[in-house]
Amino acid sequence: MARSVLSAAHFQDEPAAFAYVEARLWPNGPVCPFCGETTRIGELKGKTTRPGLRKCYACKKPFTVRMGTLFESSHLALRYWLQVMHLMCASKKGISTREIQRMLQCSMKTAWHLTHRIRLAMDPGSVEPIGGEGKTVEADETYLANSPKTRKPDGYVPHARNEPQILSLVERGGNIRSVYLDDKNVRDALAKHLDRDSRLVTDKAQHYKNVVWTGNHEAVDHSKFEWSRGDVHTNTLEGFFSIFKRGLVGVYQHMDEKHLHRYLAEFDFRQNTRQKLGINDTMRAEIALKGVKGKRLTYTTSDSVQV
């Protein structure tokens, strides 16, 4: 008889959840977050002791694997964190805050903050330029407008400047990176995120013209219904934008510009760890779990959007 993935012990039992997280964040054994001690550490096993509690006998301070991670100061059971992390990693177009709220029977505020912290775990935080000599990088941008079925106000202009715009870059055979353009333009974003020795493939939009480039730049002309010319195309990104917008319209319905960079990180993460690369849902969730280390996001954190 088939069993649900969520019936695994670390999704149902708190001590098992701590053991699961410890094995992945402490592969060589527990580490004190206060003094870095790795040997003189004991596990506290009193009848009223909470799961996973340890004590460092070098600095005399208690701690758990939650400390120094996105789990720190959270009152939510660790097994619920793991459940939601798995669901977000397994859902191709994401999972809504309301759905998480109903599943965990918690407040919307808790569910919303929980999912945003997991998105931060999915963000690799990489600022190294994509591509390089001998590598091909596709670049394309899109506006995040409402669904065509959504009622528009009088005087609505499609693709107006007030609609959020994102730019995505994908290295052929490598990773994708998406950025919210905010008040920056496409050329500024390319200068920061793209290696200038790359072979750049775009459409013939005006902002790709006159870009100072050391590599080759080839483009397809969508205005003339030219979608590909050999390996010159932006079809990889068109497919990615399709999935992202289905998530926007069908699941999230709205993404505040202040938090858009984390939603982009979520979709980038799933694209970069997709099944085609031999990574299944469980492996993807383990990769996301390792991303919680050394990161904090409080509810009152003032988010700055960077390109």
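Just so it is clear, the model here is predicted, and its values are computed rather than measured.
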A.B. asks: Closest approach of Glu72 and Arg117, non-hydrogen atoms and distance?
C.D. replies: O-NH1, 4.4 Å
A.B. asks: Can you list the other members of the hydrophobic cluster that holds Val232, where links are side-chain heavy atoms under 4.5 angstrom apart?
C.D. replies: Val201, Val220
A.B. asks: Do Val170 and Ile243 belong to the same hydrophobic cluster, where Ile, Leu, Val, Met, Phe, Trp and Tyr are linked whenever their side-chain heavy atoms lie under 4.5 Å apart, directly or via other members?
C.D. replies: yes
A.B. asks: How many angstroms lie between atom CD of Glu171 and atom OG1 of Thr136, to the nearest 0.5 angstrom?
C.D. replies: 9.0 Å
A.B. asks: Can you establish whether the number of heavy atoms outside Arg50 located under 6.0 Å from its atom CZ is more than 12?
C.D. replies: no
A.B. asks: Hey, does Leu104 have a side-chain heavy atom less than 4.5 Å from the side chain of Leu114?
C.D. replies: yes
A.B. asks: Atom OH of residue position Tyr80 - does it have more than 12 heavy atoms of other residues, nucleotides or ligands inside 6.0 Å?
C.D. replies: no
A.B. asks: Which value, rounded to the nearest 0.5 Å, describes the distance between Lys258 atom NZ and Tyr180 atom OH?
C.D. replies: 13.0 Å
A.B. asks: Would His86 and Val5 satisfy side chain to side chain contact (heavy atoms under 4.5 Å, CB included), going step by step from the backbone distance to the final call?
C.D. replies: CA-CA 9 Å; His86 182 89; Val5 173; 3.5 Å; yes
A.B. asks: Could you tell me whether the side chains of Ser178 and Asp268 share a donor-acceptor contact shorter than 3.5 Å?
C.D. replies: yes
A.B. asks: For residues Tyr252 and Ser96, report the shortest heavy-atom separation together with the two atoms involved.
C.D. replies: CE2-CA, 4.3 Å
A.B. asks: Got a sec, which pairs hit side-chain hydrogen bond (donor to acceptor under 3.5 Å, both in side chains) with one end in residues 26-37, sequence neighbours left out?
C.D. replies: Glu37-Thr39
A.B. asks: To the nearest 0.5 Å, how far apart are OG1 in Thr202 and CG in Leu190?
C.D. replies: 8.5 Å
A.B. asks: Spell out, yes or no, whether Val84 and Met108 are grouped together once hydrophobic residues are joined by side-chain heavy atoms under 4.5 Å, including indirect joins.
C.D. replies: no
A.B. asks: So which of Glu133, Glu218, His217, Glu138 actually passes side-chain hydrogen bond (donor to acceptor under 3.5 Å, both in side chains) with Arg199?
C.D. replies: Glu218
A.B. asks: Would you say Met283 ends up clustered with Leu87 if hydrophobic residues are merged whenever their side chains have heavy atoms under 4.5 Å apart, either directly or through other cluster members?
C.D. replies: yes
A.B. asks: With a 4.5 Å heavy-atom cut-off, do Arg66 and Ser74 have their side chains touching?
C.D. replies: yes
A.B. asks: Are Leu44 and Val31 in one and the same hydrophobic cluster, where Ile, Leu, Val, Met, Phe, Trp and Tyr link if side-chain heavy atoms are under 4.5 Å apart?
C.D. replies: no
A.B. asks: Would you call Lys290-Glu286 a salt bridge at under 4.0 Å N-O?
C.D. replies: no
A.B. asks: With a 6.0 Å cut-off (strictly less than), is the heavy-atom count around CD of Glu43, excluding the residue itself, greater than 12?
C.D. replies: yes
A.B. asks: Side-chain heavy atoms under 4.5 angstrom apart, residues restricted to Ile, Leu, Val, Met, Phe, Trp, Tyr: same cluster for Tyr57 and Ile41?
C.D. replies: no
A.B. asks: I'd like to know if the side chain of Ser7 pairs up with that of Ser4 as donor and acceptor (distance under 3.5 Å, no hydrogens or angles considered).
C.D. replies: no
A.B. asks: Go through the steps for Phe244 and Lys93 under the test side chain to side chain contact (heavy atoms under 4.5 Å, CB included), then give the verdict.
C.D. replies: CA-CA 7 Å; Phe244 182 81; Lys93 302 175 187 68; over 6 Å; no
A.B. asks: Could you check whether any side-chain heavy atom of Phe71 comes within less than 4.5 Å of a side-chain heavy atom of Val65, counting everything from C-beta outward?
C.D. replies: no
A.B. asks: Is the number of heavy atoms from other residues, nucleotides or ligands within 6.0 Å of CZ (Arg98) greater than 12?
C.D. replies: no
A.B. asks: Please give the remaining members of the hydrophobic cluster of Trp227, linking ILVMFWY side chains under 4.5 Å, ordered by chain and number.
C.D. replies: Phe225
A.B. asks: Among Leu260, Leu181, Thr142, Asp256, which one satisfies side-chain contact (heavy atoms from CB on, under 4.5 Å) with Pro164?
C.D. replies: Leu260
A.B. asks: Would you please test Val137 and Asp195 for side chain to side chain contact (heavy atoms under 4.5 Å, CB included) and show each step?
C.D. replies: CA-CA 9 Å; Val137 176; Asp195 190 300; over 6 Å; no
A.B. asks: I'd like to know whether CZ of Arg246 has more than 12 heavy-atom contacts from other residues, nucleotides or ligands below 6.0 angstrom.
C.D. replies: no
A.B. asks: Over all heavy atoms of both residues, which pair between Met122 and Ala288 is shortest? Give the atoms and the distance, please.
C.D. replies: CG-CB, 4.3 Å
A.B. asks: Starting at CD of Glu266, measure out to CZ of Arg119 and round the result to the nearest 0.5 Å.
C.D. replies: 4.5 Å
A.B. asks: If you measure from CG on Asp123 to CZ on Arg177, what distance do you get to the nearest 0.5 Å?
C.D. replies: 9.5 Å
A.B. asks: Start with the C-alpha distance between Val179 and His261, add both sets of side-chain angles, then the distance that settles side chain to side chain contact (heavy atoms under 4.5 Å, CB included), and finish with yes or no.
C.D. replies: CA-CA 7 Å; Val179 294; His261 58 295; over 6 Å; no
A.B. asks: Taking the six-membered ring for Trp, are Tyr263 and His116 ring centroids under 6.0 Å apart?
C.D. replies: yes
